[in-house]
Amino acid sequence: MSRGTAGGSTSEARARLLGTATKIFYAEGIHSVGVDRITAEAQVTRATLYRHFAGKEELILAYLDQADLGIRAQVAAATASAGSAADRVRAVGRSIADGIQSPGFRGCAFLNAVAEYPDPTHPVHEAVLAHREWFLSTVTELLDQAGHAPADAAGRHLVMLRDGAMAAGCLFDPALVSETFLQGVDGLLRTPAGSGAVRAAPGS
C-alpha cells in the first residue's frame, strides 16, 4: 500500500509517521486528524511525509495494512498454540478477549474506519472488506475443521459475536464483555452441527 525508501528499507522517519498516525487514528478517528497534526507529533516535515506516502489516504491504507498484519499474526500465534480444531477456535476467541481488555482499547480499527468511509468504492472501504473477508474465511475454515456444518453460517455467527464484543468493550466493563464473548464462542462450539440456531444467523 505505502511506498518504502530505496532498496525496500523502511526509514526511521517513515516508521515514526506510521506509528504516530496509527496511535492518533485509532484513538481519535481518521477524518478528525490532519496531516499537520501527524507531522508535528512525528517531528518530521510535510516534505518528509510526502517522500514516503502519496498523501493522507495512502497513510491511512498503510495504517490499516499494519493492523491487518497484526491481526493475522495474532490469529496465527493463537492457533499454533492450540491442539484440536475446537481449541484453535477458542484460542482465537481468547486472543480477541485479551485485546478487548488491553489498555487503550477503542474497538475494531476496521469497523471504526469503515464508519468514516461508507462509500463501497473507496480504497479504505475496500481495504476493510478485504480484511473482514480474510477473517471470516479463516474462522469458517477453523469451524469446518471442528466439525460444524454448515461452517459458513457458524463463521458468520462468530464474526457477529466478535463485532458485538468489540463494540461493547468500549462501553461496558471489558472483563465482563470478554467473559460474555467467550461464553458465546463456547456455546457456538457446543451447538450441534447443522442445527437451526446456527443456520439462522444473519450475514456479517
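Note that this is a predicted model, so its numbers are computed, not measured.
Remark: the backbone N or O of Glu116 is paired with a side-chain donor or acceptor of His31 at under 3.5 angstrom. Looking only at distances, no side-chain donor or acceptor of Arg106 sits under 3.5 Å from a matching main-chain atom of Tyr26. Of the possible polar contacts, one joining the His122 side chain to the Val124 backbone as a donor-acceptor pair under 3.5 Å is found.
Counting only N and O atoms by type, the side chains of Thr20 and Glu41 include no donor and acceptor under 3.5 Å apart. Side chain to side chain, Ser137 and Thr140 fail the donor-acceptor criterion of an N or O pair below 3.5 Å. A side-chain donor from one of Asp87 and Ser84 sits under 3.5 Å from a side-chain acceptor of the other. A donor and an acceptor atom, one from each side chain of Gln66 and Thr22, are located under 3.5 Å apart.
Applying the salt bridge (charged side-chain N to carboxylate O under 4.0 Å, His left out) test to Asp119 and every residue at least two apart in sequence or in another chain returns nothing. Here Phe135 pairs with nothing under the ring pair (Phe, Tyr, Trp, His ring centres under 6.0 Å) rule; sequence neighbours left out.
Interatomic distance, Arg16 CZ to Thr48 OG1, rounded to the nearest 0.5 Å: 8.5 Å.
Residues Ala127 and Leu64 approach most closely at CB-CD1, 4.2 Å, considering heavy atoms.
The same ILVMFWY cluster, assembled from side-chain heavy atoms under 4.5 Å apart, contains both Phe105 and Ile30. Hydrophobic clustering of Ile, Leu, Val, Met, Phe, Trp and Tyr side chains at less than 4.5 Å, counting indirect connections, unites Phe110 with Trp134. There is no path of hydrophobic side-chain contacts, each under 4.5 Å, that joins Val75 to Leu129.
Under the 6.0 Å cut-off for aromatic ring centres, His125 and Tyr117 do not qualify, their centroids lying 6.0 Å or more apart.
Of the charged side-chain nitrogens involved, none lies within less than 4.0 Å of a carboxylate oxygen, so that Glu28 and Lys23 do not count as a salt-bridged pair. Electrostatic pairing of Asp98 and Arg94 does not count as a salt bridge here, judged by no charged N lying under 4.0 Å from a carboxylate O.
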Check against salt bridge (charged side-chain N to carboxylate O under 4.0 Å, His left out), Asp163 and Arg156: CA-CA 10 Å; Asp163 289 349; Arg156 293 194 300 272; over 6 Å; no
Residue pair Leu59, Tyr63: steps toward the side-chain contact (heavy atoms from CB on, under 4.5 Å) verdict: CA-CA 6 Å; Leu59 182 56; Tyr63 153 62; 5.9 Å; no
Gln74 and Ile96: CA distance, side-chain angles, deciding distance, side-chain contact (heavy atoms from CB on, under 4.5 Å) verdict: CA-CA 9 Å; Gln74 172 187 313; Ile96 293 169; 4.3 Å; yes
Criterion side-chain contact (heavy atoms from CB on, under 4.5 Å) on Leu143 and Leu189, from CA distance to verdict: CA-CA 8 Å; Leu143 287 161; Leu189 287 168; 4.0 Å; yes
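Proximity of Tyr50 to Val35: side-chain heavy atoms (C-beta onward) are separated by under 4.5 Å at one or more points.
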